[in-house]
Amino acid sequence: MPRGEAVGYVVDVGTEHRIEIPARVGAPPPFTGPPSGQDPFPWSPDPRTGPPVSNARLGMLIFLAFEGMFFAGLIGTFLVFRLGSQFWPPVGQPRLPILVTWANTAILLFSSWTMRNGLRAMRKGDRDGLMTGLSWTALLGTAFLIVQGSEWLRLIRHGLTLSAGIYGATFYTLIGCHGLHVLGAVIWLLIARFGSRDMRCSARRLVGVELCGMYWYFVVALWPVLFALVYLS
């Protein structure tokens with residue numbers, strides 16, 4: 001062996017013979033890998049942490065963005081007719097019920113607080129609190145729809161129908177679409193409520209309850225905008 005050199009050894013797995021590998025003195029030792037149990041690439045992200053936003057929540061956010069654009073189109077159409085009319089509401093058309101709708105707005109806004117309490121109870125593992133929050137939210141949403149439906153019946157008896165003109169058509173289209181969304185959200189709440197009776201339910205079902213809460217917050221937050229534009233303008 002020449003002077004100034006050292007010898008390293010590796011083992012041939014197939015023959016179990018030791019093979020000498022010369023290496024110069026002062027050269028860095030060969031890479032032997034990290035100690036057992038350590039990440040060979042400490043800069044790499046931990047796959048267990050997952051993405052910052054789950055796929056289900058991201059999908060719901062995209063869906064809510066689409067819903068927002070849908071209602072933005074309806075609101076834009078309403079504003080075109082509203083600003084283009086000299087008299088609004090037109091002469092001879094019944095006025096919308098303001099005081100009753102104020103109370104109905106308070107009912108819907110209060111439902112966001114009960115929904116928040118239900119979601120908070122779910123995160124704490126409180127089954128009774130979750131079911132109570134979902135039940136109260138569904139009850140308040142149902143009350144909102146009943147009051148709104150009764151007012152629609154009164155307006156129809158006074159002559160405000162879809163065929164009565166642009167005023168009636170835009171009112172029932174914009175407010176009716178929101179009412180259908182509230183109805184769908186109430187049905188989702190009832191499904192989530194009866195599906196959450198067992199706290200040992202799967203994580204997928206609990207995520208479904210959280211997505212239901214996101215959708216409910218959307219329909220609640222949308223209503224004050226519609227109320228100000230349609231009833232108060």
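Because the structure is a prediction, the values reported are computed rather than measured. We use all heavy atoms of the structure for the numbers below, so side chains are in, but hydrogens, waters and symmetry mates are not.
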Evaluate M122 against D126 for side chain to side chain contact (heavy atoms under 4.5 Å, CB included), listing each step before the verdict.
CA-CA 6 Å; M122 181 189 71; D126 182 5; over 6 Å; no

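- A continuous path of hydrophobic side-chain contacts links F144 to L96 [ILVMFWY only; heavy atoms under 4.5 Å].
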Item checked: side chain to side chain contact (heavy atoms under 4.5 Å, CB included) between W88 and L83, worked out -> CA-CA 9 Å; W88 194 270; L83 300 177; over 6 Å; no

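- Applying the side chain to side chain donor-acceptor pair (under 3.5 Å) definition to pairs two or more places apart or across chains, those involving residues 161-172 are T161-S163.
- Scored by the side-chain hydrogen bond (donor to acceptor under 3.5 Å, both in side chains) test, W223 finds T105 as partners (sequence neighbours excluded).
- Rounding to the nearest 0.5 angstrom, the gap separating the CG atom in L155 from the CD atom in Q93 is 10.0 Å.
- The ring of F227 has its center closer than 6.0 angstrom to the ring center of W102.
- With sequence neighbours excluded, no residue forms a side-chain contact (heavy atoms from CB on, under 4.5 Å) with L99.
- For the atom pair H178 NE2 and I175 CD1, the distance stands at 8.0 Å (nearest 0.5 Å).
- V100 belongs to a hydrophobic cluster whose remaining members, ordered by chain and number, are V147; membership requires side-chain heavy atoms of ILVMFWY residues under 4.5 Å apart, directly or through intermediates.
- When all heavy atoms of F78 and V230 are compared, the closest pair comes out as CZ-CA, 4.0 Å.
- Residue V80 belongs to no hydrophobic cluster, having no ILVMFWY side-chain heavy atom closer than 4.5 Å to its own.
- I107 and L190 are assigned to two separate hydrophobic clusters, defined by single-linkage of ILVMFWY side chains at heavy-atom distances under 4.5 Å.
- L119 and V209 get closest at one heavy-atom pair: CD2-O, 3.9 Å.
- I146 and W152 fall into different hydrophobic clusters, where Ile, Leu, Val, Met, Phe, Trp and Tyr residues are linked whenever their side-chain heavy atoms come under 4.5 Å apart, directly or through other members.
- Shown here are the salt bridge (Lys or Arg N to Asp or Glu O under 4.0 Å) partners of R154, two or more places apart in sequence or in another chain: E151.
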Donor-acceptor list for residues 211-220 side chains, cut-off 3.5 Å, not counting sequence neighbours:
from : atom 1 : to   : atom 2 : distance (Å)
W216 : NE1    : S111 : OG     : 3.0
Y217 : OH     : R116 : N      : 3.4

| field | Residue pair L229, L174: steps toward the side chain to side chain contact (heavy atoms under 4.5 Å, CB included) verdict | value | CA-CA 10 Å; L229 287 174; L174 189 55; 5.8 Å; no

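- Annotation for A121 and G129: closest pair CB-C, 3.5 Å, computed over non-hydrogen atoms.
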Do any side-chain atoms of residues 61-74 form donor-acceptor pairs under 3.5 angstrom with protein atoms, and if so which ones, sequence neighbours left out?
from : atom 1 : to   : atom 2 : distance (Å)
E67  : OE1    : H181 : NE2    : 3.1
E67  : OE2    : H181 : NE2    : 2.8

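- Follow the hydrophobic side-chain contacts under 4.5 Å out from I98 and you reach L108 in the same cluster.
- Rounded to the nearest 0.5 Å, atoms CG (L160) and CZ (R95) are 10.5 Å apart.
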* To do: Start with the C-alpha gap between R57 and E210, add the side-chain angles, then the distance that decides, and say whether side chain to side chain contact (heavy atoms under 4.5 Å, CB included) holds.
  => CA-CA 9 Å; R57 295 179 182 87; E210 187 172 352; 2.8 Å; yes

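- Residues passing the ring pair (Phe, Tyr, Trp, His ring centres under 6.0 Å) test with F110, sequence neighbours excluded: W113.
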Under 3.5 Å, side-chain donor or acceptor atoms of residues 132-143 against the rest of the protein: list the pairs with distances, not counting sequence neighbours.
from : atom 1 : to   : atom 2 : distance (Å)
T132 : OG1    : D128 : O      : 2.8
S135 : OG     : M131 : O      : 2.7
S135 : OG     : R193 : NE     : 2.9
T137 : OG1    : T114 : OG1    : 2.8
T137 : OG1    : M115 : N      : 3.2
T137 : OG1    : G133 : O      : 2.7
T142 : OG1    : A138 : O      : 2.8

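- Looking at residues two or more places apart in sequence or on another chain, you find no side-chain contact (heavy atoms from CB on, under 4.5 Å) involving L180.
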